[in-house]
Amino acid sequence: MFYSPVITNASEAAKSDKLHLFRYVEDPDQVKVATYEQHGGYKAWRKALTGMSPEQVAETVKNAGLRGRGGAGFPTGLKWGFVPKNSPKPRYLVCNADESEPGTCKDRVLMERDPHAVIEGMAIAAYAIGCHVMFIYIRGEFNHSIDRMEAAMREAYAAGHLGKNLYGTGYDLEMIVHTGGGAYICGEETALLNSLEGERGMSRMRPPFPAIEGLYACPTIVNNVETLATVPHIINHGAEWYRKLGTEKSAGTKIFSLSGHVKRPGNYEVELGFNLKKFIYDPAFGNGIIGDKKLKGVIPGGASTPFLTPDMIDVGLDYESLTVKGSMLGSGAVIVFHEQTCIVWVLLKLIHFFHHESCGKCTPCREGTAWLEQIIHRIEAGEGHPGDIEAMDEVCSNILGRTICPLGDAAVMPIQSAIRLYRDEWQYHIDNHRCLVDTRFEFK
Amino acid sequence: MADSTKIETPARTVETVTFTINGRTATVAKGTTVLQAAHGLGITIPSFCWHPKLKPVGACRMCYVEIEKMPKLQVSCATEVTNGMVVFTESDKVKQGRRAIIEFTLLNHPLDCPTCDKGGECDLQNLTFAHGYDDSRFAFQKLRKIEAGVPSTFDDIKIGPEIVLNRNRCILCYKCVRANKEAFGEYDLGAFERGNHTEINAAPGQQVDNPFSGNLVEICPVGALTNTDWRYKIRVWLTDQKASICPFTSSGTNIQFYVERHKNRIFRTTGRRNDAIDDGWLSDVTRYGYQIIQSPDRLKTPLIKKNGKQVPATWDEALAVAAARLTEIRDKKGCVCVGGLASPSLDNASLYTFNKFMRVAMESNNVDYRTEYRRLPSSLDNPYDIAASQAFTIADIDESDVIVVIGSDLVREHPNEYLRVRKAEQFNRSKVFLLNPLSTKPSDVAALELVHKPGAEEIAISAICLAAMESGWASGVNADDLKSKTGFKKAADAAGACGLDLIEIQAVARAIAEGKKITIIAGELVTRSREREAIGAALCNLNRVFGVDGKGQMAILARHANSVGAARLGLTPDLGAGFAGALKSIWGQYPETPPQNTDAMLAAARKEELDAMILVGVNPVMIYPDREFAREALDKLDFLIACDLFETETTQLADVVLPLAGWAEYRGEYFNLEGRLQSAEPGIAPLNEARPAHQILESLAEQCGSPLFAGMDQRNAEMEKILKVDIRRPWPTGLIEVKPQPQETAPERTVALIMGDDPHHSGYLTEKAPSLVGFCGEAYAELSPELAAKLKVGAGDSVRLEAATGKIIVPVRVSEHIDNDVVFVPRNFMAAPVNSLVSRKQRVDWVKISKVSD
Amino acid sequence: MTEILKAFVNVIIKMPQGFGVTLKYLFRKPVTVQYPKQKIPMTPRYRGRHYLERYDDGTERCVCCGLCAAACPADAIYMEPEETANGERKAKVYEINLLRCIFCGFCEEACPEEAVFLGQDYEFSADNRNSFIWTKDQMLVKHPRKENPLKRIIRRVRRVYGVPTAK
């Protein structure tokens, strides 16, 4: 079987009693239901279904302080509570596996190497909201994840973890694996629902929120893969255990995808609140910058989050600490740039991505990202005009907070922070028609 | 923003909220959006993508407002008003936001206003002028969406017979796509690509040719969608708008003509939104139908038959000849010998003048307006006319939770009601049931579609009544009585007799019984049926069983623009004592001759018992359900006067042909199917020498020596008096006997013919509108795939349809929406006169169908 | 007596003075222009009859947008557009009634395509009213041509109203 060569800290996780998501990801047999069951799998699902009421499950998750791992960090238990109790309509659970944020590749590891954990988490969440049909929407390019999830789903059906009358309780649960068409916007929950319905993947107006009117206008909960994969462990070990992990407000562990100019890029599960500087330089994780160059900046939470400069990286990787520093935890993709990276070039790549992925629905994002790309392209090519930075800044502020979905915000936040933090370099580009740093991006 | 002056309150809300907007405090219904509330208060909020009849989408972001306690600007089209909300629509932040949106919108919008037909009525132009920057900061090449192989300089592509798309101009408000999907249920237009490369285009391999496609052009805020009839013809500011009424739909769609006064020419038609009738949507027939008025084929002068040949004459000559012959026939042989048919699409004045002309000047009771129906009842006191005279409100369809359509191909007959039914399903989650001999258009929103055997309408309706009684869902009547009156012991028997499953029948019965507000629509397939009295009786029983009149509405809808007016102005031969008495008191005289309806008149003419006929806007040879019968009858007449817009089969038989003015050429008043009186302004002065019908008839009467009116005031006063006569009849209190009629069969003819209008045509005149011909230019036979396979025909082949009375050869169209034992042929094309296959004696027209080998 | 003397002096002195003026002009170049044979140059901002410009490749500039007609205070311009084979808009009919025209130049100002210009010509008399309705063919400048007669005027218009420059 194909095994994507990603460095993980599974060996530490196996030794630790705190790290749970990555404990078995290096075990090639973990994808099989028998091995998964040997490792204590589907215990939580059986426990929840046979021994707990849906409210108890939701309450446990709420008490554990689990927050959404997809980017927004919304408390999961609270979200489940938004489903109307007395609606006659069916409810749906959708697992958002459309992981497309540049730099993020954590869900893929979970789906490829521990798919049953995802299914178990989905099943428990489905039970908690009273849903009988759950979907997993996987990014179309993730062929191996799709194969693994489908194989795992078939095994789970065969082993009696999914299907009709589960464990003799009379509870039915069906699962559907849906593959996306490969659009970043479909990672946004309302666009995902549109895509799942067969419509064009464009975000919807909120309210109504999906928890009230989502898939097929029925109450729908959309959760990230990692969030759901955490749920079985919370049920197994209890809310108190989970609450003790991480920091006080950001409980638990999180997988961080470390990439960029580090010696050891990979996916690492750490407790929230882990020091970013240590994360980059510790031999167990990043092991320092390539070529032992100086650090120029870090994007701590995927392409859509603001930059951190070297003097800001002595910070805990959790929701609150990063907000204080003006950035965000996002989806936990730490992208590191060394001193010889041209920041304009980086921004050009980022804005090109967002321009390409803008769905085209609302005006500011559709037109603004294209305009920004053209301006940055001009600056990068050494043809910048004086006043371009100000124009860019104004375009950014015209997009920020004025679009339907967060893609517009995501596109402009790194630009705004880059202008704020690295203004000299932009100015140098415009004034001198060339890069401040003498070499371009190098991977060595 | 003229179309948004009304605050639309969602149905069934009584709760209100109070909020402050620009310092004014106002109370609106809960659920109202900020934008609607503001428009209602006379505060304009600019927007591109908002449309009063579509769900808000929030794509253009132009309608920003600032709301206290909300850090970001909010889009007012999707933000509902809440209690205590404080809204600012003109703060600096809002103005800045709008300016930014205009700037973004214009980034890739070509500044080709000089060549753009929207110039002068373009939302983007207006809003840029009001809110935009003077100059652009965008210093890059504008995006150009080019398609290979399109020779157009401006990258225009033709996406439908009438629609030209310029994707560069599109500002992606998605209004067209949304209207197509939400309001019309059509999927032939969509958005493709992503980001600022997004483009609107026809679905792959398809054309935008749905029956409502013209609306997409009308709602486009920029010149991205233009229609070919307006494109590059004239500037909007050179035209005057004239309010008119659609003559092709019975609901009286409100339209306006764009007229260039000096050229005396109409350039296009758009809607005048009337929420009670049309919601601002126009069917393409309504939109492009004006073109027939300006057709070069119009009759130019009166024609007189001399030595068997029609030669042009002056009006004076023609009227003199006509009057002389008419007086001669009237006086010499007695007035039974003059008959008259008028079109139910004429205006009130014309119809009334016609009535008075026939009854006073010609002293004859041979007056009728129903030319296309079989077996007309002798008097109006029959179940059919009772059901047809019921009150009906179009707007109430919206709020009905159960809608049943019986014997009506809605989209072809009643486009406005069709859209209402769709809207009710979309916005009100109404349950729609269709009961037809063929699958019809709103089937995609129907909860259940029941396709019964052809010619079994009344049995199906009886089955519903019986099923409700058996299951105890309705208890309005005595069950045994119902059984004896319907002639069936059990609902299952009736269901079997009409070819439906009992379970389907029960579902409909249950829905009607449980519905809180019900609309039951019956249409042309009922009216055109030979057994319409039996169907009417079944409908009366349905009303009794379910008590429909107590919780909703049920009516057989009129088909023509002024059918209701014709009935109310007494254009039927036997008016009954009350109505006749009223007329006598107004006129001082009333003919004593035996009343003859269309059938009787034509039969008498065939037997040479009728000597003269006057046809005003009617073409019996084309629409009477027996072509040869009508032709022979008219041919045997001593004297025939035909007034029409065009030369037709009927005018060819006439001794005197008078060119008639169309509805767009004179002022007229029309009753729509609800009985709503609407007036139409003249768009242009009559072309050539055409004259309005009432004018022709008045001069004719004058020449005959019995002038009708001293002046217009007298005519109007008389009409006013007549319209006070109530012709509505109450539902019968008891059950009526429904006699199931045996269906005629002929062994070699196995397929039932259903004729009706093509969705892009109406009647026999729309063939003269080039745009409508662009959509559908010739008759066709719509077959099911199975039947087509059996006959070994496909698209492009032709089939021969044969009946005892005649045969026609038409090309094949294969449709999924039709049953195997039915073939649909449009009746709009003179080249394929489908009424030659029809017999006035039959209920179901069975035809033999065979492939035409080349 | 003195009055007679005065009159005599006047005749002797003033009359030659007066004739002197006449004599002086006899030898000067006359200001009278022999009009039909001879024409005076018009001022640069003189507004005469209209020209319709072409692009350098010979295609007509006018797209028949109707703005000149809309701007015309005398309602002297009449036009009908048509569509060319490649979907361009151009004037099928473009007529200016020079009897109605007040030569205000608003059309020139309104034109977004720089198609219509008021030239220096002022000779368009005719013996019937119909001849004063100038058609497109009459107004369209010749093509190809060596020297654009309107170049100077275009330069002047651009100087006055500015040119949209590419930034």
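First the proteins, then the strands, lettered A, B, ... as listed; each starts at 1.
One finds the CG atom of B/Asn196 at 9.0 Å from the CD atom of A/Glu373 (value rounded to the nearest 0.5 Å). In this structure, A/Arg200 CZ and B/Phe192 CZ are separated by 8.5 Å, a value rounded to the nearest 0.5 Å.
In this structure, B/His131 places its NE2 atom where more than 12 heavy-atom neighbours from other residues, nucleotides or ligands lie under 6.0 Å away. More than 12 non-hydrogen atoms from other residues, nucleotides or ligands lie less than 6.0 angstrom from NZ of A/Lys89. For NZ of A/Lys85, the number of neighbouring non-hydrogen atoms (other residues, nucleotides, ligands) closer than 6.0 Å is greater than 12. Around the NZ atom of A/Lys249, the shell of radius 6.0 Å holds no more than 12 heavy atoms that belong to other residues, nucleotides or ligands. Within a 6.0 Å sphere centred on NZ of B/Lys145, heavy atoms belonging to other residues, nucleotides or ligands number more than 12. Heavy-atom contacts from other residues, nucleotides or ligands closer than 6.0 Å to CG of A/Asp431 number more than 12. Within a 6.0 Å sphere centred on NE2 of A/His178, heavy atoms belonging to other residues, nucleotides or ligands number more than 12. No more than 12 heavy atoms of other residues, nucleotides or ligands lie within 6.0 Å of NZ in B/Lys72, so this atom counts as exposed by the packing criterion.
Interface remark: of the candidates B/Leu143, B/Thr79, B/Val75, B/Asn108, B/Asn108 forms the most heavy-atom pairs closer than 4.5 Å to chain A. Across A/Met202, A/Met205, A/Arg206, A/His355, the residue that shares the most heavy-atom pairs under 4.5 angstrom with chain B is A/Met205.
By a heavy-atom distance cut of under 4.5 Å, A/Ser358, A/Cys359, A/Gly360, A/Lys361, A/Cys362, A/Thr363, A/Pro364, A/Arg366, A/Glu367, A/Gly368, A/Ala370, A/Trp371 are the residues of residues 358-371 of chain A near chain B, going up by number.
You'll find the side chain of B/Phe104 stays beyond 4.5 Å of the side chain of A/Arg402, heavy atoms only. At a threshold of 4.5 Å between non-hydrogen side-chain atoms, the residues B/Arg137 and A/Glu394 count as touching. Side chains of A/Asn398 and B/Gln96 form a contact here, defined as non-hydrogen atoms less than 4.5 Å apart.
Contacts between A/Ser203 and chain B at a heavy-atom distance below 4.5 Å are absent for every atom of the residue. Only the side chain of B/Tyr174 comes within less than 4.5 Å of a heavy atom of chain A; its backbone N, CA, C and O stay farther away. Using a 4.5 Å cut-off between heavy atoms, B/Phe48 makes no contact with chain A at all. Looking at A/Ile185, there are no atoms closer than 4.5 Å to chain B (heavy atoms on both sides), in backbone or side chain. The part of B/Glu193 that comes within reach of chain A is its backbone (N, CA, C, O), which places non-hydrogen atoms under 4.5 angstrom from that chain. Proximity to chain A (any heavy atom under 4.5 Å) is restricted, for B/Gln141, to the backbone atoms N, CA, C and O.
Among all heavy-atom pairs drawn from A/Gly182 and B/Arg194, the shortest one is O-NH1, 3.5 Å.
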